[in-house]
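All residue numbers refer to positions in the sequence shown, counting from 1. Values in this document were obtained by computation on a predicted structure and should not be read as measured data.
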Amino acid sequence: MTKVTGGCQCGRVRYEAEIENYEAYLCHCRYCQRATGGVSIAFKNLPKAAVHWGREPDWYASSPIAKRPFCSACGTPLGFAFPDSDHMDLTVGTFDDPAPFFPTSNFGIESRHDAWSDTSALPGQRCDEYEALNKRWKEAGVSPDAG
């Protein structure tokens, strides 16, 4: 077992989780698209008992059969859970180090937007090379890599 940590953007909600591996999956269902505002969401499925909240998140009943933890201060979506299941999902992007995680499957593929599946051939730009963004961070008195 590996202990990993994570939390919301503002730091109000933090968690520790024990995981067996870094396998994750992408959910493309319309509920996840609407809940996150994205075309898909990366999730790590794990036992609820393996997640220890430093501060209990807020929970939203996103459908009659599921609920989602989130931070009401900054709006960060933290996961997904069926109330009657022993397992839940944490959003990969909220782990302090999401780099080791990798997708092993797709779910909700009836709503998948294939144009977004492989963007590796598109032009890209690094945040630290974008002059206007760095200027805004500097004027705010905050280091760009503080987030």
Side-chain angles (χ1 to χ4, degrees), residues 1-48 50-51 53-54 57-82 85 87-147:
M1 292 292 241
T2 301
K3 187 179 285 189
V4 292
T5 57
C8 66
Q9 185 175 7
C10 73
R12 179 178 161 266
V13 179
R14 298 283 305 155
Y15 62 80
E16 286 186 356
E18 296 169 10
I19 60 171
E20 291 183 20
N21 57 53
Y22 288 98
E23 295 178 357
Y25 75 98
L26 290 169
C27 185
H28 305 271
C29 82
R30 288 297 293 145
Y31 283 97
C32 284
Q33 289 173 358
R34 290 184 186 270
T36 66
V39 295
S40 66
I41 183 71
F43 281 134
K44 171 61 180 168
N45 187 266
L46 66 167
K48 287 178 180 175
V51 180
W53 300 100
D58 300 283
W59 289 85
Y60 170 67
S62 58
S63 75
I65 63 169
K67 61 183 185 171
R68 295 171 187 267
F70 72 101
C71 175
S72 63
C74 67
T76 301
L78 297 161
F80 173 89
F82 293 118
S85 175
H87 280 72
M88 69 173 296
D89 295 322
L90 291 175
T91 50
V92 170
T94 64
F95 286 105
D96 291 335
D97 183 10
F101 292 90
F102 58 94
T104 59
S105 64
N106 290 287
F107 185 78
I109 61 171
E110 69 281 0
S111 304
R112 182 173 55 197
H113 300 283
D114 287 334
W116 293 89
S117 293
D118 181 5
T119 62
S120 61
L122 297 176
Q125 183 175 10
R126 294 176 48 97
C127 291
D128 60 358
E129 295 173 348
Y130 185 50
E131 211 48 52
L133 177 64
N134 289 310
K135 181 180 179 217
R136 285 180 175 91
W137 280 116
K138 186 175 179 181
E139 289 172 355
V142 179
S143 172
D145 51 348

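Taking E18 as the reference, nothing meets the salt bridge (charged side-chain N to carboxylate O under 4.0 Å, His left out) condition, with sequence neighbours excluded. In terms of the salt bridge (charged side-chain N to carboxylate O under 4.0 Å, His left out) criterion, residue partners of K135 (sequence neighbours excluded) are, by chain and number, E139. Residues satisfying the side-chain contact (heavy atoms from CB on, under 4.5 Å) test with I65, not counting sequence neighbours, are S63, F82. With sequence neighbours excluded, the residues that form a ring pair (Phe, Tyr, Trp, His ring centres under 6.0 Å) with Y15 are W53, F95. The ring pair (Phe, Tyr, Trp, His ring centres under 6.0 Å) search around W59 returns none, not counting sequence neighbours. In this view, T76 and C8, Q9, C74, L78, T94 satisfy the side-chain contact (heavy atoms from CB on, under 4.5 Å) rule, not counting sequence neighbours. For K3, the side-chain contact (heavy atoms from CB on, under 4.5 Å) partners two or more places apart in sequence, or in a different chain, are E16. With sequence neighbours excluded, the residues that form a side chain to side chain donor-acceptor pair (under 3.5 Å) with Y25 are D89.
Screening residues 58-76 for salt bridge (charged side-chain N to carboxylate O under 4.0 Å, His left out) gives R12-D58 as the qualifying pairs, with residues at least two apart or on separate chains. Each salt bridge (charged side-chain N to carboxylate O under 4.0 Å, His left out) pair with one or both residues in residues 93-104, not counting sequence neighbours, appears once here: R14-D96.
Residues H87 and K48 have side chains not in contact (no heavy-atom distance under 4.5 Å, counting atoms from C-beta outward).
Atom CZ of F80 is separated from atom OG1 of T36 by 12.5 Å, given to the nearest 0.5 angstrom.
R34 CZ: 12 or fewer foreign heavy atoms inside a 6.0 Å radius.
For the pair K44 (side chain) and T91 (backbone), a donor-acceptor distance under 3.5 Å is absent. Although no hydrogens or angles enter the test, the distance criterion places no donor-acceptor pair under 3.5 Å between the side chain of Q33 and the main chain of S40.
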Distance-only donor-acceptor hits, side chain of residues 99-111, under 3.5 Å, sequence neighbours excluded:
{"from": "T104", "atom 1": "OG1", "to": "A24", "atom 2": "O", "distance (Å)": "3.1"}
{"from": "N106", "atom 1": "OD1", "to": "H28", "atom 2": "NE2", "distance (Å)": "2.7"}

Sequence neighbours excluded and cut-off under 3.5 Å, please list the side-chain donor-acceptor pairs for residues 126-133, or say none.
{"from": "R126", "atom 1": "NE", "to": "D128", "atom 2": "OD1", "distance (Å)": "2.8"}
{"from": "R126", "atom 1": "NH2", "to": "D128", "atom 2": "OD1", "distance (Å)": "3.4"}
{"from": "R126", "atom 1": "NH2", "to": "D128", "atom 2": "OD2", "distance (Å)": "2.6"}

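Paired with I19 under the rule side chain to side chain contact (heavy atoms under 4.5 Å, CB included), one option of L46, L90, N45 passes, and it is L46.
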(message) Run the side chain to side chain contact (heavy atoms under 4.5 Å, CB included) test on R136 and V142 for me, step by step, so that the C-alpha distance in whole Å, both residues' side-chain angles and the decisive distance to 0.1 Å come before the verdict.
(response) CA-CA 9 Å; R136 285 180 175 91; V142 179; over 6 Å; no

